[in-house]
Amino acid sequence: MSDVSGDRQTATPAGSLAAYTTLRLGGPAGILTVATDHDKAVETVRKAASDGRPVLILAGGSNVVIGDDGFPGEVLLLRTRGSRVVASDAGSVVLRVAAGELWDDLVEHAVTQGWSGIECLSGIPGSAGATPIQNVGAYGQEVAHTIVAVHAYDREGDTIRAMSPAECEFAYRSSVFKHSDRYLVLEVDFRLAVSPGSAPIRYAELARSLGAEPGDRVPLQQARDTVLKLRAGKGMVLDPDDRDTWSVGSFFTNPVVSTEVWQGLSLDAPHWPGEDGSVKIPAAWLIEHAGFGRGYPGAGVSISTKHTLALTNRGEGSTTALLDLARTIRDGVRARFGVELHPEPVLVGCEF
Ligand SMILES: Cc1cc2nc3c(=O)[nH]c(=O)nc-3n(C[C@H](O)[C@H](O)[C@H](O)COP(=O)(O)OP(=O)(O)OC[C@H]3O[C@@H](n4cnc5c(N)ncnc54)[C@H](O)[C@@H]3O)c2cc1C
């Protein structure tokens, strides 16, 4: 099993947080502390609070944009590992996973064991403990479908508690944990079906690639392999040699607007109506039609040559340049369509 920060430490300036982010960007940390067990992680957060020191929890660094001046407080690198079955019945298992466990190792393990429910989330970088933070999702699955509890240290109550899915307030790329430093996620419980077949395929592009219909089930390994292939073609699987993957994945979320706003826009764009009357518009379509194609350049950064939504560091970029490019795109989309784009990653020591 590989470490959650991969081999980035050999490719970035010494002492910089760039070594711990998939963008390979970010200045130095005030203090860098590694926790390989829960007690150390909780104690680090507790002590920093009593000393009045801000703490940044960092796991795989695949969903953060850290400023060029870094983070002056304490950076807690979460490197806890392990998973175990804590409950089972004829049809399902509940798997308790340490926050620092590499997410894709977990998906591979589940597929191998014949446990279904997260196979379409194959290839997503980062840690298991970060998946509840933005309710990680792809290809028709999101972790809110399988999480039954999040065990977190609550800084406000100075206590560890098991939070129910309702308390997690999962929504599209969001939860109670995102943009909050109240909780340190220690372990996550996933309920997975015992089944050789995938959960019903919901995503049209994936169904097409599988030669299946939406709603069909396919063998778990076939679902995983097909998702990995689709993702690789878009630069969405980490590859140190491919700078199209030096990103945070999608930089922008898909804008969600009301039906009235959608009708007023009169756009000939693909869109997904929600159950609550909202309409989700693909950010990639807006960006492309506002004139920002794949490979669109900034200073040492660019839109990925494989995917319009990924902003990438070409090796000589900076966070300042990346955010300049992001603002240019946001302003262009706003001017062309009157729709506001919002960043998906968490911004640390920098502003959008
Ligand atoms: C190539 C690529 C493809 C991607 N594809 C997808 C995708 O398809 N779908 C998707 O949803 N995301 C995707 N992402 C984004 C990212 O991989 C996920 O959001 C992932 O869950 C982040 O995990 P991490 O361990 O790297 O988190 P980090 O980047 O280390 O942290 C992200 C945020 O979570 C907080 N955090 C992390 N761990 C904890 C914890 N244990 N307790 C409390 N707070 C914590 C951090 O403080 C930070 O605010 C992609 C990223 C890349 C680079």
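Since the model is a prediction, treat every value here as computed from it, not as a measurement. Indexing begins at 1, ligand by ligand and atom by atom, following the structure's order.
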| message | Evaluate Q134 for polar contact with ligand 1, using N/O atom pairs at a separation under 3.5 Å. | response | yes
| task | Look only at interatomic distance and state if V185 has a nitrogen or oxygen under 3.5 Å from any nitrogen or oxygen of ligand 1. | result | yes
| Heavy atoms, side chains only, cut-off 4.5 Å: are W262 and L267 in contact? | yes
| field | Distance flag, aromatic centroids of F190 and W103, threshold under 6.0 Å | value | yes
| message | Set out, in order, the CA-CA distance, both residues' side-chain angles and the distance that settles side-chain hydrogen bond (donor to acceptor under 3.5 Å, both in side chains) for R191 and S92, then state yes or no. | response | CA-CA 7 Å; R191 184 182 290 282; S92 68; 2.9 Å; yes
| said: Using a 4.0 Å cut-off to any heavy atom of L78, which atoms of ligand 1 qualify? | reply: 41 (N)
| query | Is any side-chain heavy atom of Y296 less than 4.5 Å from a side-chain heavy atom of T328? | reply | yes
| task | Answer with side chain, backbone, both or neither: which part of V346 has a heavy atom less than 4.0 angstrom from an atom of ligand 1? | result | side chain
| N/O separation below 3.5 Å, R231 to ligand 1 | yes
| query | Should N63 be counted as touching ligand 1, given the test is an N or O pair under 3.5 Å? | reply | yes
| Would you say F177 touches ligand 1, if touching means a heavy atom closer than 4.0 Å? | no
| task | Considering the heavy atoms of I124, write down every atom of ligand 1 situated less than 4.0 Å from one of them. | result | 6 (C), 7 (C), 8 (O), 9 (N), 13 (C), 17 (O)
| Is it true that atom CD of E213 has more than 12 heavy atoms of other residues, nucleotides or ligands lying nearer than 6.0 Å? | no
| request: Compute the shortest N/O to N/O distance between G60 and ligand 1 and return yes if it is under 3.5 Å, no if not. | output: yes
| query | Side chain or backbone of V248 under 4.0 Å from ligand 1, or both, or neither, by non-hydrogen atoms? | reply | backbone
| field | Those atoms of ligand 1 less than 4.0 Å from some heavy atom in G126 | value | 23 (O), 24 (P), 25 (O), 26 (O)
| task | State the atoms of ligand 1, each with its element, that fall below the 4.0 Å cut-off from a heavy-atom position in A138. | result | 8 (O)
| task | Could you tell me whether R79 and D37 make a salt bridge, using a distance below 4.0 angstrom between a side-chain N and a carboxylate O? | result | no
| field | Close side-chain approach of L341 to I287, heavy-atom, < 4.5 Å | value | yes
| field | Contact summary for A48 and V55, nearest pair of heavy atoms | value | CB-CG2, 3.2 Å
| message | If we set the cut-off at 4.0 Å for heavy atoms, which region of P125 has an atom near ligand 1: side chain, backbone, both, or neither? | response | both
| request: Using distance alone, decide if ligand 1 has a nitrogen or oxygen within less than 3.5 Å of any nitrogen or oxygen in S62. | output: yes
| query | Under 3.5 Å, N or O to N or O, is G137 touching ligand 1 that way? | reply | yes
| query | N/O of T245 under 3.5 Å from N/O of ligand 1, yes or no? | reply | no
| message | Checking the N or O distance criterion of under 3.5 Å, is ligand 1 in contact with A99? | response | no
| field | Electrostatic pair R46:D39 at N-O distance under 4.0 angstrom | value | no
| field | E344 and S250: side chain donor to acceptor below 3.5 Å | value | no
| Looking only at distance, does I57 have an N or O less than 3.5 Å from an N or O of ligand 1? | yes
| task | Could you list the atoms of ligand 1 found under 4.0 angstrom from a heavy atom of L58? | result | 30 (O)
| Which ligand 1 atoms does T22 reach within 4.0 Å, using its non-hydrogen atoms? | 53 (C)
| message | Under a plain distance cut-off of 3.5 Å, with no hydrogens placed, do T159 and D154 share a side-chain donor-acceptor pair? | response | no
| query | Are R173 and ligand 1 in contact, using a heavy-atom cut-off of under 4.0 Å? | reply | yes
| request: Could you list the atoms of ligand 1 found under 4.0 angstrom from a heavy atom of Y183? | output: 43 (C)
| message | Using 0.5 Å steps for rounding, measure from the CG atom of D158 to the OG atom of S50. | response | 10.0 Å
| request: Examine the side chains of D189 and H151 and answer whether a donor and an acceptor come within less than 3.5 Å of each other. | output: yes
| task | Taking atom types as modelled, find out whether T320 and D68 have a side-chain donor-acceptor pair closer than 3.5 angstrom. | result | yes
| field | Atom indices of ligand 1, in the order listed, that fall short of 4.0 Å to a heavy atom of G249 | value | 2 (C), 3 (C), 4 (C), 50 (C), 51 (C), 52 (C), 53 (C)
